[in-house]
Amino acid sequence: MTTSSSSKILILNDFYYAAGAETVFRDYTTLLGSNCFIVHSCYASKTPHTNIFSSILNIFKLYIRVFSLFCRPSKCPDIVIVHNFISRLTVFIFWYIFVLKLIFNRNCIVYHVLHDYGLLCPSSGYFYYTSSSNMSIKSNIRCFNYQPSLGSLLFSRIDIRSLFHDVYKKFRWIITFLFFNRFLINGFISPSPFIRNLFTLRYPNINNYLIYNPLITLSEPQSLPVVLPDSNHRLLNVAFLGRNSPEKGLSHFVNYLSSLPMDLNIHFFVALKQSQINHIHTQLPQHTLCFHGFLDRVELYDKLSLIDLIVVPSVWFENAPLVVVESLLLGIPVLVNKFGSLETFSIDSSNVYYYQDFTSFSNFFTSFCKHLISFDDNDKYLSRFSSDNFLSSLSALF
């Protein structure tokens with residue numbers, strides 16, 4: 001797709017590599033830069049693990065670069081897109097852009113891509129975990145009645161970040177946008193109906209545009225034949241994809257697998273410590289386990305050609321999980337924990353299945369192993385994530 005626009009676009013993000021939001025940040029840059037837009041892409045740190053001194057220096061360089069763009073009319077962006085900003089750029093980036101617009105009399109439009117549902121949703125950190133190990137969280141993770149001590153609530157590791165971090169993040173966002181949102185931002189870009197509805201209720205005076213995240217690695221859906229095992233054939237290949245944090249449900253998944261009355265080949269596409277790998281081995285002695293670690297997209301898609309089913313066991317909110325769409329692009333059925341936004345995100349695809357508890361989890365596997373589950377046509381569902389649809393939506397917005 002081509003456009004007649006040569007608009008200058010500045011895209012800002014905390015990190016270059018981190019999680020799904022950073023993948024989308026890179027895809028935004030690639031797609032817009034190859035379709036008649038002049039794109040300046042800036043990030044505060046290469047990864048979240050950059051040391052504090054390098055991070056401060058990188059943030060300083062980013063602000064200098066943004067200043068240099070605004071002070072030159074030929075370089076000043078027409079559109080600013082702010083992706084994730086919580087960890088490094090903070091809400092100050094909106095104020096900074098607002099001041100630069102005033103100083104240099106610029107009329108650029110500012111959009112914020114709503115990747116971080118934690119700005120409004122309760123944090124998964126409000127659940128209590130028994131230790132700092134991601135593999136030792138309480139098995140009954142949905143139990144709202146459990147009351148930890150005040151000391152445990154405040155000082156235990158209860159999420160990938162602390163409770164204080166979550167409260168401070170929400171405080172900065174709410175105070176900043178409660179009074180000044182009309183001056184700082186022109187619109188939200190929502191990658192899912194869930195996040196759009198959530199922020200529209202809270203900020204009805206800000207335009208909110210539903211634009212699905214693009215997937216650019218595969219140009220079109222690839223249906224891989226699903227060959228299911230039988231008593232004389234191989235074991236079922238089941239995969240978990242995601243990062244190792246409590247809300248992604250890895251421990252929840254392992255606990256369910258430990259009680260499943262059948263043998264499986266379990267593939268883990270997640271970065272784990274050796275101690276965590278050993279722990280999973282002790283939990284799942286009846287299954288054949290394969291740990292692939294973190295893979296880039298090309299390697300990942302090659303490995304997934306062997307997979308019969310992907311499980312998304314997240315136990316907390318998800319905004320727009322790429323793993324669901326990528327699985328469907330490859331022709332792999334997906335089993336999803338029927339919790340929160342996961343249901344609303346994929347409810348209109350006939351190849352996404354749900355479980356609510358161990359009984360439904362176990363029943364699905366029994367049925368899946370006995371009966372061939374055909375992979376239906378997903379063209380209508382998947383077309384919304386195409387590069388053409390993404391570019392058409394953004395071009396109409398700009």
Indicate yes or no for a side-chain donor-acceptor contact from R72 to the backbone of S68 under 3.5 Å, with no hydrogens or angles considered. yes
Do I277 and I266 belong together in a cluster built from hydrophobic side chains that touch within less than 4.5 Å? yes
Do any N or O atoms from the side chain of D14 and from the backbone of L89 form a donor-acceptor pair under 3.5 angstrom? yes
Would you check if the side chain of S395 reaches a backbone N or O of S392 as a donor-acceptor pair within less than 3.5 Å? no
Is a side-chain donor or acceptor of R243 paired with a backbone partner of V270 at a separation under 3.5 angstrom? no
For F15, is there any backbone N or O sitting under 3.5 Å from a side-chain donor or acceptor partner on R88? no
Note, F365 side chain near V311 side chain (heavy atom, < 4.5 Å): yes
If we ignore hydrogens and angles and just use 3.5 Å, is the side chain of H83 paired with the main-chain N or O of V113 as donor and acceptor? no
Is a donor from one side chain sitting under 3.5 angstrom from an acceptor on the other, for N363 and S360? no
Pair F291 + H281: ring centers closer than 6.0 Å: yes
Ring center gap for H115 and F25 short of 6.0 angstrom: no
Side-chain donor or acceptor of D78 paired with backbone N/O of K8 under 3.5 Å: yes
Does some side-chain heavy atom of L12 sit less than 4.5 Å from a side-chain heavy atom of I93? yes
Under a single-linkage definition using a 4.5 Å side-chain heavy-atom cutoff for Ile, Leu, Val, Met, Phe, Trp and Tyr, are F358 and V238 assigned to the same hydrophobic cluster? yes
Whether N35 side chain and L31 backbone form a donor-acceptor pair below 3.5 Å: yes
Give a yes or no answer on whether the side chain of S362 reaches the backbone of T359 with a donor-acceptor pair at less than 3.5 Å. no
Do Y355 and F364 have their ring centres less than 6.0 Å from each other? no
Heavy atoms from other residues, nucleotides or ligands near NZ of K46 exceed 12 (cutoff 6.0 Å): yes
Any side-chain heavy atom of F53 sitting closer than 4.5 Å to one from L57? no
Please confirm whether R196 makes a cation-pi placement over F188, using NZ or CZ under 6.0 Å from the six-membered ring centre and within 45° of the ring normal. no
Looking at side-chain heavy atoms only, is the closest gap between F269 and L304 below 4.5 Å? yes
Check for me whether the distance between the ring centres of F67 and Y96 falls short of 6.0 Å. no
Would you find a donor on one side and an acceptor on the other, under 3.5 Å apart, between the side chain of N13 and the backbone of N84? yes
When the aromatic ring centroids of F70 and F104 are compared, is their separation below 6.0 Å? no
